[in-house]
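Ligands are counted one by one from 1 in listed order, and the atoms in each one are counted from 1 as well. Worth knowing before you read on, the calculation uses all heavy atoms, side chains too, and leaves out hydrogens, waters and symmetry mates. Just so you know, these numbers come straight off a predicted model, no measurement behind them. The chain is numbered in sequence order, starting from 1.
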Amino acid sequence: MTRCRICGGQVRKFFDFGRQPLSDDFRAEEDVAGAFYFQLAVGVCASCTMVQLLEEVPRERMFNYDYPYHSSGSQRMREHFAQTARDLLATELTGPDPFCVEIGSNDGVMLGVVKDAGVRHLGVEPSGGVAELARKDGVRVRTDFFEESTAAQIAAEEGHADVIYAANTICHIPYLDSVFRGVDALLAPGGVFVFEDPYLGDIVERHTFDQIYDEHFYLFTATSVREVARRFGFDLVDVRRLPVHGGEVRYTIARAGARTPSPAVERLVAEESERRLHDLETLEGLGAGIDRICEDLVKLLRDLRDQGARVAGYGATAKSATVLNYAGIGPDLLPCVYDTTPAKIGRLMPGSHIPIRSAAEFGRPYPDYAVLFAWNHTDEILARETGFTEQGGRWIVYVPSVRVL
Ligand code: SAM
Ligand code: TMP
Ligand code: ZN
């Protein structure tokens, strides 16, 4: 039996993807033999409702100097984080000497705006490569994992934070107990802990099962986040649904009793209960959808290959590792994937070993079909790659179902 990382309750497994590689482990051909594999299975806690992975990957294997994901790679996300920073500056960072800490600040896309406003800030980012990029832009970063001891040191050296912010990072951290104790040590009495992550409600609704991979240890809901916050002496005081990355929720957490929760919290919790979002049957329904999508995608790719069509992938996303490896898609069905990230180009997709080519070469010549793995950036990519469809190219999407656009 697997015990819940939050409450020690029983975790009931609802889907097992089998042995999977690390989703951001883009290796050169000569290095693939050393790749790390683990069992990717996901379950729901019968006691506290938290949806979580059953096996934890050691954190240094995922987050190290070579971590390839650059937050600034998408124009839409740059705008999203600039707006987020402006909102925090206007609402929470208004005192005489405000202090903003970001957990998982990556290349500094959000904190750069806080810095430009002349506000005291600090990023906590264990992946040294992206942390260096942020420092080049003048953003202050501590290369470290955020946990209780890091937070206590920051509080001692720099004082308490008015805002602790994190995007697409808290769900990556299995040791949430240490994170919450750290927030307790670092947050000013009236401060807020704000974080946004992929929302289980959207994953179930849109069948976006590829959000399940090594780094996404938790799939949060308002119900499960409120529960974990309470265990550590905090209240969930606001929730806001965000349209980025296929559907996220921004959670605002304050010390117990410090702020009146907005009605949006109770509304979303009630909606989750009506949808039976944490029920095993609901989550097993997601599993049935996963098998259907993978079967349909493999069938389509086989048919296209047999017809002699040229097919490629677009976006060497972390998410795509789950689809490609669970469906068993390799270079025979998908000869290459195009991507804009310098650290991924020339490497192989984890597990499937499909070569990655520069997106600049996409049109030399265009393939007949392209599987859109970066579906969370659909608008941006379709607007950039108009030449592909103009010369007759067709996009293939696989969520919420397999379709040729
Ligand atoms: N916040 C950025 C965004 O939303 O684009 C980056 C998100 S990226 C998917 C996750 C980041 O969290 C990585 O840069 C990783 O190194 C960092 N990270 C992982 N564990 C962490 C921890 N314990 N403390 C701080 N950062 C962590
Ligand atoms: P993400 O889904 O984790 O945000 O990763 C998106 C990936 O897609 C990343 O490797 C960069 C790549 N990408 C492109 O190749 N072209 C684009 O226009 C965009 C927005 C992303
Ligand atoms: Zn639990």
Between the side chain of N64 and the main-chain N/O of E60, is any donor-acceptor distance below 3.5 Å? yes

Atoms in ligand 2 flagged as close to A374, the criterion being non-hydrogen separation under 4.0 Å: 8 (O)

Near T341 (heavy-atom distance under 4.0 Å), the atoms of ligand 2 are 9 (C), 10 (O), 11 (C)

Within 45° of the axis and under 6.0 Å from the centre of the six-membered ring of Y369, does NZ or CZ of R394 qualify? no

Are any of the N/O atoms in T340 less than 3.5 Å from those in ligand 2? yes

Is the side chain of R135 donor-acceptor paired with the backbone N or O of V141 at a distance under 3.5 Å, no angle test? yes

Taking S358 for the side chain and A360 for the main chain, is one N or O donor matched with an acceptor at less than 3.5 Å? yes

Taking 4.0 angstrom as the limit and counting only heavy atoms of T317, give me the atoms of ligand 2 inside it, by number and element. 2 (O), 5 (O), 6 (C), 7 (C)

Under 4.0 Å to a heavy atom of Y314 - the qualifying atoms of ligand 2, by number: 15 (O), 16 (N)

Look at atom 10 (O) of ligand 2 and find which of D339, I345, N168 reaches it with the closest heavy atom. D339

Return the residue, atom name and 0.1 Å-rounded distance of the protein heavy atom closest to atom 17 (C) of ligand 2. R384 NH1, 3.3 Å

Distance to 0.1 Å, residue and atom name: give those for the protein heavy atom nearest to atom 4 (O) of ligand 2. H377 NE2, 2.7 Å

Distance alone, cut at 3.5 Å: any donor-acceptor contact between the side chains of S224 and H278? no

Would you call the rings of F38 and F36 parallel, tilted or perpendicular, where under 30° means parallel and over 60° means perpendicular? parallel

With distance as the sole test, does T341 use its side chain to make a donor-acceptor pair with the main-chain N or O of K344 at under 3.5 Å? no

Considering only non-hydrogen protein atoms, determine which one is nearest to atom 2 (O) of ligand 2 and report residue, atom name and distance to 0.1 Å. K319 NZ, 2.7 Å

Using a 4.0 Å cutoff against the non-hydrogen atoms of N376, which atoms of ligand 2 qualify? 1 (P), 2 (O), 4 (O)

With R120 as the cation and F99 as the aromatic partner, state whether NZ or CZ is under 6.0 Å from the six-membered ring centre and within 45° of the axis. yes

Classify the angle between the aromatic ring planes of Y165 and F81 as parallel (below 30°), tilted (30 to 60°) or perpendicular (above 60°). perpendicular

Under the salt bridge (Lys or Arg N to Asp or Glu O under 4.0 Å) criterion, do E102 and R140 qualify, and how do the steps go? CA-CA 10 Å; E102 184 177 3; R140 289 185 63 234; over 6 Å; no

Identify which protein N/O/S atoms are less than 2.8 Å from the Zn ion (ligand 3). C4 SG, C7 SG, C45 SG, C48 SG

With a 4.0 angstrom cut-off on heavy atoms, strictly below it, pick out the residues next to ligand 1 and order them by chain and number. F63, Y67, Y69, S71, F81, E102, I103, G104, N106, V124, E125, P126, S127, F145, F146, A167, N168, T169, H172, I173, Y175

Only heavy atoms of H245, strictly under 4.0 Å: list the atoms of ligand 2 that pass. 4 (O)

Please list, in number order, the atoms of ligand 2 under 4.0 Å from a heavy atom of K344. 9 (C), 10 (O)

In terms of ring plane angle, is the pair Y251 and F220 parallel, tilted or perpendicular, where the classes change at 30° and 60°? perpendicular

How far is atom 5 (O) of ligand 2 from its nearest protein heavy atom, and which residue and atom name does that atom have? Y69 CE1, 3.6 Å

Within a reach of under 6.0 Å around CZ of R275, are more than 12 heavy atoms found that belong to other residues, nucleotides or ligands? yes

Cation over ring, R59 on F145, under 6.0 Å and within 45°? yes

Going by the angle between their ring planes, with limits at 30° and 60°, are F362 and Y314 parallel, tilted or perpendicular? perpendicular

Once you measure the plane-to-plane angle for Y326 and F15, does it fall in the parallel (<30°), tilted (30-60°) or perpendicular (>60°) bin? perpendicular

Around atom CD of Q75, are there more than 12 heavy atoms of other residues, nucleotides or ligands at under 6.0 Å? yes

